[in-house]
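Here the structure is laid out as structure tokens; the discussion comes afterwards.
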Amino acid sequence: EKNITAYVVPDKQKHNDRAAIGPRGRIPNDIPLIERMRRKLKTKTGRKRYALRKQTVEPVFGQIKGARGFRQFLLRGVAKAKGEWSLLCTAHNLLKL
């Protein structure tokens, strides 16, 4: 509905592993979804877009989980969990400063 282009890896990859360049041309619609995603991620654009996750969101979640020891919410309910998450993110950002 929102026309979002997803980049989800169907296979486990090593951090510095260079993926082989995929076949050229349009990705056919008649192949299975997992194979379509593999081919999509082997394109130059797919590799570039997927690599962005390493510098934007994933390191922050890793730091919050590892350094702050945050594994689960302590409060129940969406509003309370949002408040807890906001507090945790504020603490994380203050410690980064």
Side-chain angles (χ1 to χ4, degrees):
E1 292 176 8
K2 295 185 180 186
N3 201 19
I4 296 172
T5 304
Y7 291 89
V8 181
V9 178
D11 305 312
K12 204 167 196 174
Q13 293 180 333
K14 294 186 179 177
H15 284 280
N16 295 322
D17 195 17
R18 288 278 178 186
I21 296 174
R24 299 189 66 109
R26 287 187 152 278
I27 300 172
N29 289 328
D30 60 343
I31 61 176
L33 184 62
I34 291 176
E35 189 58 36
R36 284 179 53 84
M37 188 56 67
R38 283 185 187 119
R39 286 188 60 175
K40 182 177 177 180
L41 288 168
K42 286 183 181 179
T43 63
K44 282 184 183 180
T45 305
R47 286 194 316 265
K48 196 182 302 184
R49 296 286 303 215
Y50 190 72
L52 286 175
R53 82 190 203 296
K54 295 177 186 174
Q55 63 193 25
T56 54
V57 176
E58 285 194 11
V60 176
F61 287 126
Q63 291 161 5
I64 287 174
K65 285 174 70 176
R68 313 282 173 261
F70 182 77
R71 295 291 179 187
Q72 65 186 22
F73 290 101
L74 300 174
L75 303 175
R76 292 174 54 169
V78 175
K80 291 178 183 177
K82 281 183 181 180
E84 188 177 352
W85 182 250
S86 294
L87 181 63
L88 188 65
C89 291
T90 303
H92 175 76
N93 288 332
L94 286 173
L95 289 168
K96 286 287 184 177
L97 291 174

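Keep in mind that this is a model prediction, so the values were computed, not measured.
- Other members of the hydrophobic cluster containing Leu97, listed by chain and number, are Leu94; membership follows side-chain contacts under 4.5 Å among ILVMFWY residues, whether direct or relayed.
- Checked against salt bridge (Lys or Arg N to Asp or Glu O under 4.0 Å), Glu35 has the following partners two or more places apart in sequence or in another chain: Arg38.
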Pairs under 3.5 angstrom only: tabulate donor-acceptor contacts from the side chains of residues 67-79 to other protein residues two or more places apart or in another chain.
residue : atom : partner : partner atom : Å
Arg68   : NH2  : His92   : ND1          : 3.3

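- Asn29 CG to Leu33 CG: the interatomic distance, rounded to the nearest 0.5 Å, is 11.0 Å.
- Sorted pairs that involve residues 78-88 and meet side-chain hydrogen bond (donor to acceptor under 3.5 Å, both in side chains), not counting sequence neighbours, are lacking altogether.
- Applying the side-chain contact (heavy atoms from CB on, under 4.5 Å) rule to Lys48 yields no partners; only residues at least two apart in sequence or on another chain are considered.
- Scanning for side chain to side chain donor-acceptor pair (under 3.5 Å) contacts around Asp30 gives an empty result, with sequence neighbours left out.
- Shown here for Arg39 and Ile31, the closest heavy-atom pair between the two residues is CD-CD1, 4.1 Å.
- By the side chain to side chain donor-acceptor pair (under 3.5 Å) test, Arg49 is found to be paired with no residue, residues two or more places apart in sequence or in another chain being considered.
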